[in-house]
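Below is one structure; the comments refer to it alone.
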Amino acid sequence: MSVRVRFAPSPTGYLHVGGLRTALYNYFFARKHNGSLVLRIEDTDRTRYVEGAVENLIRTLTWAGIEFDEGPHIGGPHAPYFQSQRLDIYKKHAELLVEKGWAYYAFDSPEELEEARQKSPHHEFKYDRNKMKNQFTIGWGKSLELISQGVPYVIRLKVPDNEEIRFYDIIRGEIIVNSKDVDDQVLLKSDGYPTYHLANVVDDHLMEITHIIRGEEWLPSVPKHILLYKAFGWEVPKLAHLPLLLNKDKTKLSKRQGDVAVEDYIAKGYFRDAFVNFIALLGWNPSADREIYSIDELIQKFELEKVNKSGAIFDVVKLEAINSKYLYSKPIEELAKEFKIWVEKRGYSGYSEDYLRQVVGLLRERVKKLPDIIDFAPYMFERPKQFDLEYFNKHWNPSTKEHLKNILNLFLSTDDFTHTKLHDLVVEYLNSKSLKLKDVVHPLRLAITGLSYGAGIFETLEVLGKKEVVERLEYFIDKVLPELSKES
Ligand code: GLU
């Protein structure tokens with residue numbers, strides 16, 4: 001039987017980083033085994049409906065390079081792929097279970113349920129089918145009568161009283177739960193919508209899913225699902241529950257400690273391949289001493305059996321480290337094209353690709369993400385408006401102005417505006433005055449960039465070009481210096 005897996009998100013408005021990992025592992029598994037990957041939208045909780053969420057999900061999954069074989073955006077033999085469009089299927093299946101004696105009608109009002117909940121010890125509520133209002137306590141005939149009168153009802157799973165539920169998880173091994181710890185789960189709600197459990201099991205079966213790969217938070221639901229498969233007489237797909245994602249302090253990954261939406265990381269300018277690489281290694285790594293992998297390598301090497309049980313720490317520092325490795329090794333032409341988009345987004349226009357290529361070449365080793373270049377070195381796009389006064393005070397003396405003027409004249413005198421030539425001119429000048437490089441490079445850097453840090457100053461001058469450098473120096477000497485001297 002060929003492998004069929006699915007990614008089954010609920011459209012909450014954004015793609016959680018944990019969701020992306022689940023989608024990726026399903027994708028790797030499907031591709032590795034020449035199987036199919038299905039996208040199914042689990043949108044039966046209408047209270048959580050968010051406009052545009054599905055389009056956004058698909059856009060983000062596509063950004064990550066995940067290709068589906070079936071889904072709402074491509075169709076397929078098991079359409080529709082929106083659970084909200086399959087309500088009649090779930091209802092039919094819930095009723096089938098009632099017929100088989102595996103489920104029953106219940107008529108408790110929300111108030112009655114709330115009261116029972118309040119009374120239950122330690123608030124650990126478990127539905128007591130011998131006490132509450134259902135087909136067992138009021139009788140079958142009365143139940144049918146209420147239904148025909150239009151009284152709201154739900155269908156609940158009739159969980160056996162004291163039975164061992166066993167299942168095997170590829171990552172976590174054998175798990176045994178006693179059915180006495182399982183609640184008589186609602187399968188069909190009074191509005192005719194299924195709960196997650198019913199819809200999920202019915203669809204996984206009807207869509208011929210062979211392996212369920214999803215986050216560990218769904219593990220507690222499995223005993224209910226096992227009972228459902230048994231009730232329907234269906235085979236249980238193979239199960240694999242992926243480890244939780246954790247904050248650095250080992251608590252469950254939360255919005256409070258950082259971004260959890262993939263979209264936030266896209267907006268921040270992480271590379272697609274670097275981000276996917278990082279996410280793929282949350283809970284699995286094919287080798288202990290390597291962390292850079294292409295998607296094709298990840299597909300080739302993927303093994304569900306090798307996924308860790310213990311939680312995986314979502315460490316942004318590691319993400320940055322991986323991203324900067326990509327930044328350093330990608331072809332400069334490719335980077336320049338992408339960088340142009342960021343530069344324009346920031347409102348800078350008119351820069352040639354050649355200039356942007358030089359800027360990226362000059363600065364990519366100093367930042368973690370491509371757009372960070374703009375924040376790190378804004379002076380590559382606009383003349384400095386502010387000048388670091390502390391830096392000025394530290395490196396200024398009465399003769400510095402004179403040196404800067406002389407250096408300006410040297411720059412004016414040459415047409416060879418390469419960093420080596422500029423360096424040699426300055427060094428020659430300094431030697432003639434028995435000065436050191438540090439006596440002028442700091443003031444020069446301040447004049448050109450306004451800042452105390454950056455890439456090599458001569459390389460920076462070369463990229464900015466003669467005209468720009470000369471104008472900045474003139475402006476600094478004539479206009480800025482008198483002001484800075486007043487302030488210091
Ligand atoms: N709809 C569930 C979610 O949002 C799917 C869980 C599963 O894969 O079974 O994650």
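Worth knowing before you read on, the calculation uses all heavy atoms, side chains too, and leaves out hydrogens, waters and symmetry mates. As the structure lists them, so they are numbered: ligands from 1, and atoms in each ligand from 1.
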(request) Measure the shortest side-chain to side-chain distance between N34 and S2 over non-hydrogen atoms and say whether it is less than 4.5 angstrom. (result) no
(request) In plain terms, say whether K92 and E95 are close enough for a salt bridge, that is, a side-chain N and a carboxylate O under 4.0 Å apart. (result) no
(request) Output yes when the distance from some N or O of ligand 1 to some N or O of A8 is under 3.5 Å, and no in every other case. (result) yes
(message) Could you identify the single nearest non-hydrogen protein atom to atom 3 (C) of ligand 1 and state the distance to 0.1 Å?
(response) W218 CZ2, 3.4 Å
(message) Less than 3.5 Å apart, any donor N or O on the side chain of E382 or Y348 sitting next to an acceptor on the other?
(response) yes
(request) Indicate, with yes or no, if the rings of F376 and Y453 have centres closer together than 6.0 Å. (result) yes
(message) Can you name the atoms of ligand 1, numbered from 1 with element, that are less than 4.0 Å from a heavy atom of E42?
(response) 1 (N), 2 (C), 5 (C)
(request) May I ask whether R6 has any heavy atom positioned less than 4.0 angstrom from an atom of ligand 1? (result) yes
(request) Answer with yes or no after comparing the ring centroid distance for F28 and Y293 against a 6.0 Å cut-off, counting only values under it. (result) no
(request) Identify, by atom number and element, the atoms of ligand 1 in contact range of R214, meaning under 4.0 Å from any of its heavy atoms. (result) 7 (C), 8 (O), 9 (O)
(request) Considering the heavy atoms of N200, write down every atom of ligand 1 situated less than 4.0 Å from one of them. (result) 7 (C), 9 (O)
(message) Side chain, backbone, both or neither: which applies to F7 and ligand 1 if a contact is any heavy-atom pair less than 4.0 Å apart?
(response) neither
(request) Establish, yes or no, whether a centroid distance under 6.0 Å links the rings of F232 and H93. (result) yes
